[in-house]
Number of protein chains: 2
Amino acid sequence: MIIKQQTPNEVRAIIFKALSDEARLNIISTLYQHQQEMSCGEIGDQLDINKSTASYHFKTLREAGLTTTRKVGQNKFVSLNLDVFNTVLPGFLDTL
Amino acid sequence: MIIKQQTPNEVRAIIFKALSDEARLNIISTLYQHQQEMSCGEIGDQLDINKSTASYHFKTLREAGLTTTRKVGQNKFVSLNLDVFNTVLPGFLDTL
DNA sequence: TTAATAGTTTTAAAACTATCGAACAACAAA
DNA sequence: TTTGTTGTTCGATAGTTTTAAAACTATTAA
């Protein structure tokens with residue numbers, strides 16, 4: 001298995017790209033203010049996003065390493081990877 | 001004159017979009033490490049970017065409010081808007 | 001005035017992104 | 001088993017972003 005080495009700024013660019021969309025920032029804010037994991041549907045309802053669009057945004061955030069998803073029955077719960085935020089963007093979450 | 005009201009997350013999205021490109025992050029890092037304003041050409045040379053591409057990236061950063069440009073003779077000097085970084089991304093520059 | 005230098009703008013191609021409906025898979029409940 | 005719920009994937013579409021050559025503007029030097 002080949003792992004593509006990434007420069008620090010490449011890693012940052014991927015993270016900033018994930019954060020460069022208002023819908024995804026709304027997801028992040030909602031999760032942070034809720035102080036605990038939320039299901040995809042709960043977030044989608046609250047922000048009034050089409051479910052396939054929401055799924056696309058969840059995937060984008062997950063692939064950037066900003067969130068983690070846990071399946072419970074027919075639900076999927078999304079939570080913030082606080083360690084990643086604190087490493088790459090220290091103090092950012094507290095500005096939300 | 002009509003000023004379009006922007007939500008906090010809209011403002012953040014614009015800033016993150018400007019930071020979501022490796023070339024622009026390299027410009028930011030270079031400026032921060034240099035500890036003082038640099039001319040467009042100086043930055044372009046150091047990062048080996050085509051001058052029209054560089055000009056496009058400078059404009060993107062400027063329009064996001066992340067940099068300021070000052071014209072001196074035939075040169076233009078670019079500097080970081082530290083206050084904007086400190087407000088929107090406190091602590092970020094020190095991770096570079 | 002002429003030539004050189006520093007940046008910007010225009011334009012067009014290629015690549016990428018966001019959105020949504022429709023079809024799908026996984027699970028739960030009746 | 002059938003029905004409903006939750007979320008993902010696919011395909012189409014519309015719009016955006018990045019890049020670089022070419023033409024341009026502004027300034028300085030010869």
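Both backbone and side-chain heavy atoms feed into the values below; hydrogens, waters and symmetry mates do not. In what follows, chains carry the letters A, B, and so on, assigned in the order in which the sequence lines appear, proteins first and then strands, with residues in each chain numbered from 1. Keep in mind it's a predicted model, so treat the numbers as computed, not measured.
- Residue contacts shown for B/Arg70 are absent, as no nucleic acid heavy atom lies under 4.0 Å away.
- In this structure, the nucleotide among C/dC27, D/dT18, C/dT19 sitting nearest to the side chain of A/Lys71 is C/dC27.
- One interatomic measurement links the two molecules: CD of A/Glu37 to P of D/dG7, which rounds to 12 Å at whole-angstrom precision.
- No hydrogens or angles were tested; on distance alone, nothing pairs the side chain of B/Ser55 with the base of C/dG7 as donor and acceptor under 3.5 Å.
- For the pair B/Glu42 CD and C/dG7 P, the interatomic distance rounds to 9 Å; values are reported in whole Å.
- Atom-to-atom, CD1 of A/Ile43 to P of D/dT8 comes out at 11 Å; the value is rounded to the nearest Å.
- Taking atom CD1 of residue B/Ile27 and atom P of nucleotide D/dT19, one finds them 10 Å apart after rounding to whole Å.
- Distance B/Asn75 CG to C/dT5 C1': 9 Å, rounded to the nearest Å.
- Under the 4.5 Å side-chain heavy-atom criterion for Ile, Leu, Val, Met, Phe, Trp and Tyr, B/Ile14 and B/Phe58 are members of distinct hydrophobic clusters.
- When each of A/Gln74 and A/Lys59 is assigned the nucleotide of DNA chain D bearing its nearest heavy atom, the one mapping closer to the 5' terminus is A/Gln74.
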**Q.** Check against side-chain contact (heavy atoms from CB on, under 4.5 Å), B/Leu61 and B/Ile28
**A.** CA-CA 9 Å; B/Leu61 290 170; B/Ile28 299 289; 4.0 Å; yes
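- Nucleotide D/dT16 holds its C1' atom 12 Å from the NZ atom of A/Lys17, rounded to whole Å.
- The CD atom of B/Gln33 sits 10.5 Å away from the CG atom of B/Leu93 when rounded to the nearest 0.5 Å.
- Distance alone, capped at 3.5 Å, is enough to place a donor-acceptor pair between the A/Ser20 side chain and the A/Lys17 backbone.
- Residue B/His57 places at least one side-chain N or O under 4.0 Å from the OP1 or OP2 atom of D/dT19.
- Interface remark: the A/Thr53 side chain does not form any donor-acceptor pair with the C/dA18 base, using a distance-only criterion of under 3.5 Å.
- Nearest-nucleotide mapping onto DNA chain C: of A/Ser52 and A/Gly73, the residue sitting toward the 5' end is A/Ser52.
- Under the 30°/60° scheme for interplanar angles, the aromatic rings of B/Phe16 and A/Phe92 are found to stand perpendicular.
- For A/Ser39, taking side-chain heavy atoms from C-beta onward, the closest of the listed nucleotides C/dT19, C/dG7, D/dG7 is D/dG7.
- To the nearest angstrom, C1' of C/dT19 lies 11 Å from CG of A/Asp21.
- Separating the CZ atom of B/Phe16 from the P atom of C/dT17 is a distance of 17 Å, rounded to the nearest angstrom.
- In the interface, the side chain of B/Lys51 is paired with the base of C/dG7 through a donor and an acceptor atom under 3.5 Å apart.
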